[in-house]
Amino acid sequence: MGKSASKQFAEEVLRRHNEHRKKHQAPPLKLSGKLNREATRYAESLASTRILKHSEESSKGTCGENLAWASYDQSGHFTAMVWKSSTKLGVGKATASDGSSFVVARYFPAGNITNQGHFDNNVLPAKAPGSPS
């Protein structure tokens with residue numbers, strides 16, 4: 001995927017994330033060049049092995065991570081998208097030899113923490129359309 005295409009893809013993923021985040025009373029994410037590079041490298045690694053597994057960074061809690069492997073595009077794990085305390089997003093996409101796509105979305109700070117209180121404080125209910133911001 002060329003640089004302009006990958007930048008367009010990352011910006012579209014960011015836009016969609018922020019649409020959902022606004023509905024769920026979470027501040028907008030900002031793209032991180034560092035996270036984009038890391039996500040792209042990991043997407044390329046997944047595409048080369050064609051094994052979908054979370055990264056070591058995600059397992060250690062260094063970042064949050066959404067992964068997708070499909071012959072079509074899909075949006076990812078919803079609660080990670082709207083996790084209020086996450087502020088940065090990185091997006092990477094790679095194509096495997098069979099033409100399937102691997103997409104990695106990385107979030108910082110990491111979200112989807114199941115400890116008591118974290119979920120309720122970070123995944124807020126959607127506002128009704130037309131309600132004040």
Side-chain angles (χ1 to χ4, degrees):
M1 185 170 198
K3 284 193 182 196
S4 64
S6 62
K7 184 177 179 185
Q8 282 181 315
F9 180 73
E11 288 172 352
E12 176 63 16
V13 171
L14 175 69
R15 186 182 67 75
R16 290 183 182 233
H17 272 69
N18 285 337
E19 285 173 358
H20 288 292
R21 290 176 67 82
K22 185 176 182 178
K23 289 177 190 172
H24 286 268
Q25 308 169 63
L29 293 171
K30 294 181 180 173
L31 280 177
S32 162
K34 178 180 184 276
L35 288 175
N36 282 343
R37 288 187 296 276
E38 291 172 357
T40 299
R41 276 196 302 270
Y42 195 61
E44 290 167 351
S45 172
L46 293 174
S48 70
T49 61
R50 293 182 28 192
I51 297 171
L52 192 66
K53 67 177 184 173
H54 281 288
S55 68
E56 189 175 314
E57 292 86 356
S58 173
S59 299
K60 287 193 269 183
T62 307
C63 63
E65 197 169 64
N66 259 341
L67 305 176
W69 177 14
S71 56
Y72 58 91
D73 287 338
Q74 52 182 303
S75 58
H77 196 288
F78 184 74
T79 55
M81 292 173 67
V82 300
W83 196 264
K84 185 177 178 181
S85 64
S86 293
T87 59
K88 295 181 182 177
L89 171 69
V91 179
K93 184 176 182 180
T95 304
S97 58
D98 66 356
S100 59
S101 294
F102 284 81
V103 176
V104 175
R106 288 203 170 163
Y107 307 90
F108 183 83
N112 280 348
I113 301 165
T114 58
N115 298 1
Q116 177 104 19
H118 283 278
F119 194 87
D120 292 339
N121 291 332
N122 283 283
V123 180
L124 305 177
K127 294 186 296 184
S131 63
S133 298

**Fill in**
What one should report as the nearest heavy-atom pair of Lys93 and Ser101 is CE-OG, 3.8 Å
**Request:** Using modelled atom types only, decide if a donor and an acceptor are shared between the side chain of Glu65 and the backbone of Ser55 within a distance under 3.5 Å.
**Result:** yes
**Item:** Separation of Lys22 NZ from Lys127 NZ (nearest 0.5 Å)
**Value:** 6.5 Å
**Prompt:** Where is the tightest heavy-atom contact between Pro109 and Ser85, given as atom of each residue plus distance?
**Reply:** CD-O, 3.4 Å
**Prompt:** Are Arg15 and Glu11 within salt-bridge range, i.e. N to O under 4.0 Å?
**Reply:** no
**Heavy-atom side-chain proximity of Arg50 to Ser97 below 4.5 angstrom** = yes
**Request:** Taking all heavy atoms of Pro125 and all of Gln25, pick out the closest pair and write down the distance.
**Result:** O-NE2, 2.8 Å
**Item:** For the student: nearest non-hydrogen atoms of Gly111 and Ser86, plus distance
**Value:** N-OG, 4.1 Å
**Beyond-backbone contact of Lys88 with Lys34, side-chain heavy atoms, under 4.5 angstrom** = no
**Message:** Measuring from atom OG1 of Thr62 to atom CD of Glu56, what distance do you get when rounded to the nearest 0.5 angstrom?
**Reply:** 8.5 Å
**Message:** Is the shortest side-chain heavy-atom distance between Asn66 and Tyr107 below 4.5 Å?
**Reply:** yes
**Prompt:** Do Leu35 and Leu31 share a hydrophobic cluster, counting only Ile, Leu, Val, Met, Phe, Trp and Tyr and linking them when any side-chain heavy atoms are less than 4.5 Å apart?
**Reply:** no
**Item:** Ala110 to Cys63 - nearest heavy-atom pair and separation
**Value:** CB-C, 3.4 Å
**Prompt:** Under the 3.5 angstrom rule, does the side chain of Thr49 hit a backbone N or O of Ser45 as a donor-acceptor pair?
**Reply:** yes
**Item:** Backbone of Leu89 reached by a side-chain donor or acceptor of Arg106 within 3.5 Å
**Value:** no
**Request:** Please examine the side chains of Tyr42 and His54, heavy atoms only from C-beta on, and report whether any two atoms are closer than 4.5 Å.
**Result:** no
**With Lys30 via salt bridge (Lys or Arg N to Asp or Glu O under 4.0 Å) - residues at least two apart** = none
**Request:** Find out whether Leu46 and Trp69 are in side-chain contact, i.e. whether some heavy atom of one side chain is under 4.5 Å from a heavy atom of the other.
**Result:** no
**Over all atoms of both residues, closest heavy-atom pair of Phe102 and Ala96** = CE1-CB, 3.8 Å
**Asked** Would you say Asn18's side chain and Pro28's backbone share a donor-acceptor pair under 3.5 angstrom?
**Response** no
**Asked** Taking a hydrophobic cluster as the set of Ile, Leu, Val, Met, Phe, Trp and Tyr residues connected by side-chain heavy atoms closer than 4.5 Å, whether directly or through intermediates, do Phe9 and Leu14 fall within one such cluster?
**Response** yes
**Asked** Under a 4.5 Å side-chain heavy-atom rule over Ile, Leu, Val, Met, Phe, Trp and Tyr, are Val82 and Leu124 clustered together?
**Response** no
**Message:** Do Leu29 and Met81 sit in one hydrophobic cluster, given that two such residues count as connected whenever their side-chain heavy atoms are within less than 4.5 Å of each other, even indirectly?
**Reply:** yes
